[in-house]
Amino acid sequence: MKSFLKKIAKKLPLTSNIFKKIETLQANLDLVTQENNSLTNELSHLSQEMDKLKTERQEYIRILYQYLLETETETSELNNYFNSNYNPREIINLITQSSPYQDQINKQHIERKNYVIDLYRYILDREPTPSEVNIHLNSKYNPIELFNLFTESQEYKDKMINETIDLDSILGIAKSILGEQKRISANMILSWYKNAAAELIHEHNNNKYLETRHSWELINPSKAKDSINNFIPKAAIITSLYRGKKFIKAFLENMINQTFFEHCELIIIDANSPENEQEIIKDYLTYYSNINYIKLQETIGIYEAWNLAIKESNSEFITNANVDDLHRSDGLELKIKALTENPLVDVVYSDVYYSFLENLPFEIVEKCNIRTNLPVANKDNLLQFNSPHNSPMWRRSLHNKIGYFDTSYQSAADYEFWLRAAFSGSSFIKLAEPVVLYYHNPQGMSTNQQTPGRIEGENIIKAYQNILNNSTVE
């Protein structure tokens, strides 16, 4: 076309200017066409971007519904938020202020509360208090973090120890420390065992052999016998024996090594025990004439045995000693001294150290240091604690005043006796330090699962509480 026009222009010089203008117009037209194509491309790109933004806004709204309301959006709801001019933050505020969102929050609150309660029930085996639930409801822990928090807690660790250590087999029914009503936990017992083991290893490393040895093997027999002939005993140690073979040797060694034993008489009433303990006892009878062993042909109760031993004794003071309990070496001497120096006092006793291993020496148990914290006994607090429960010492004259132990009780006659003494005006004194080792024997009279002591104790408390109430009214 252009070449054709050029030929015409050469032949028609007068029209050349017109053709030049046509060429310019054609060039401008081409430029406009190019720009138009460019705009068309840009508009297409913008349209694609708008479609993308539309899709992203719709997806954003869907995600908000899924996350905040845990549901899918309805088409009408989607269009409502999509066609509005709200920015993303404003959309969030609108959704979180809606009724469905509040319902969802309430639902989540209930679910979290139930989850927390279940953690307490199934991990800690107990019901939570309202304040405990609220603490976890208001925390920022997610469910996994909450679960870990419970399983890493000290309470859970103690529970695991409790399940490892059978408290019933160790404690029987007596699971509290006397004088405090503080529960003896499995953690306390585990710590006690660790301390006892450490002390035993220490004693062994220092060549202090702890196995029981017969003291009479180390002394001149004739001298031992002569030293206690023709003496007047100051205190009688009364002991009831029945199925005590595994304790009797350590018990006798503990007694004869008391600093004041040569001024005491030990009266053992064997209530027809089937374990033939006399084979062990007879060796001691050869060397200690102040040991009086009486073997019965019939089985009697512990308090019948005590009453019999008291009547067989000749001492000014009396104390009971259980074969599974041990005493500090000066324990008897300190009690005798307390009664001698306090003539108006009728009964003396001390706190005790708890032991969870049979026949463990007093010095070891003392260092493990689980002990009672008993009050000084009177007729008021005796209704709460049997403070003179373990190895008290009392005056013989008390029996002339109030009688003997009531043998109608199988396990709690000593408790009734001390209440009877207190309500009759007797006074008590407590030593400053524990001098008795109390073996927490789960099969003992006062601790085994079948003991009648609990019911007997409750009946005794009711009876003396009525006496106290009536005396107050009068």
Side-chain angles (χ1 to χ4, degrees), residues 63-71 92 95-197 354-357 368-373 384-385 440-443 446-451 453-455 457-458:
I63 291 173
L64 287 179
Y65 264 76
Q66 291 172 355
Y67 180 76
L68 296 176
L69 302 181
E70 296 186 0
T71 185
I92 291 176
I95 293 176
T96 55
Q97 292 169 10
S98 67
S99 296
Y101 178 77
Q102 295 303 319
D103 293 341
Q104 182 64 26
I105 289 299
N106 292 335
K107 178 184 176 183
Q108 291 175 352
H109 181 84
I110 294 171
E111 290 176 350
R112 184 177 177 89
K113 180 179 179 180
N114 291 335
Y115 177 68
V116 169
I117 292 173
D118 285 344
L119 288 177
Y120 273 96
R121 287 174 176 171
Y122 299 119
I123 295 181
L124 300 183
D125 284 339
R126 69 175 179 87
E127 294 295 322
T129 64
S131 60
E132 286 175 325
V133 174
N134 288 334
I135 288 173
H136 294 299
L137 281 178
N138 297 324
S139 71
K140 295 181 179 179
Y141 296 115
N142 63 40
I144 297 299
E145 290 171 334
L146 266 180
F147 180 86
N148 292 337
L149 188 69
F150 273 74
T151 56
E152 292 171 2
S153 68
Q154 187 60 49
E155 183 176 352
Y156 178 73
K157 293 176 183 177
D158 291 343
K159 174 180 171 292
M160 290 297 97
I161 295 172
N162 277 325
E163 292 179 354
T164 303
I165 297 178
D166 183 359
L167 285 179
D168 288 340
S169 67
I170 296 175
L171 302 179
I173 65 167
K175 295 182 173 64
S176 298
I177 294 177
L178 288 173
E180 294 184 351
Q181 294 304 313
K182 178 181 178 181
R183 299 284 291 182
I184 301 175
S185 68
N187 205 37
M188 289 172 62
I189 294 175
L190 183 63
S191 178
W192 185 92
Y193 279 124
K194 289 179 179 178
N195 291 336
Y354 284 92
S355 176
F356 304 102
L357 285 175
C368 296
N369 197 31
I370 295 182
R371 52 167 289 179
T372 61
N373 185 24
Q384 301 175 29
F385 302 107
H440 208 301
N441 185 353
Q443 302 304 318
S446 61
T447 55
N448 74 73
Q449 299 288 347
Q450 287 75 41
T451 181
R454 178 176 292 177
I455 295 176
E458 291 173 354

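Every heavy atom of this structure was used, including side-chain atoms; hydrogens, water molecules and symmetry mates were not.
The NZ atom of Lys113 lies 7.5 Å from the CG atom of Asn134; values are rounded to the nearest 0.5 Å. One distance of note links CD of Glu132 with CD of Glu127; it measures 10.5 Å at 0.5 Å rounding. For the atom pair Asp118 CG and Leu146 CG, the distance stands at 12.0 Å (nearest 0.5 Å). Once rounded to the nearest 0.5 Å, the distance linking CG of Asn114 with CZ of Arg121 reads 8.0 Å.
Residues Val133 and Val116 come closest through the heavy atom pair CA-CG1, 4.2 Å. In terms of heavy atoms, Leu124 sits closest to Ser153 at CD2-OG, 4.1 Å. Taking every heavy atom of both residues into account, Tyr115 and Ile144 meet most closely at OH-N, 4.5 Å.
The aromatic rings of Phe356 and Trp192 lie perpendicular to each other, with more than 60° between the two planes, well past the 30° mark.
Within 6.0 Å of atom CG in Leu137, more than 12 heavy atoms from other residues, nucleotides or ligands are found, so the atom counts as buried in its surroundings.
The main-chain N or O of His136 is found under 3.5 Å from a side-chain atom of Arg112 such that the two form a donor-acceptor pair. Without hydrogens or angle criteria, Glu458 side chain to Ile455 main chain gives no donor-acceptor distance under 3.5 Å.
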- Item | side-chain contact (heavy atoms from CB on, under 4.5 Å) between Leu149 and Ser139, worked out | CA-CA 12 Å; Leu149 188 69; Ser139 71; over 6 Å; no
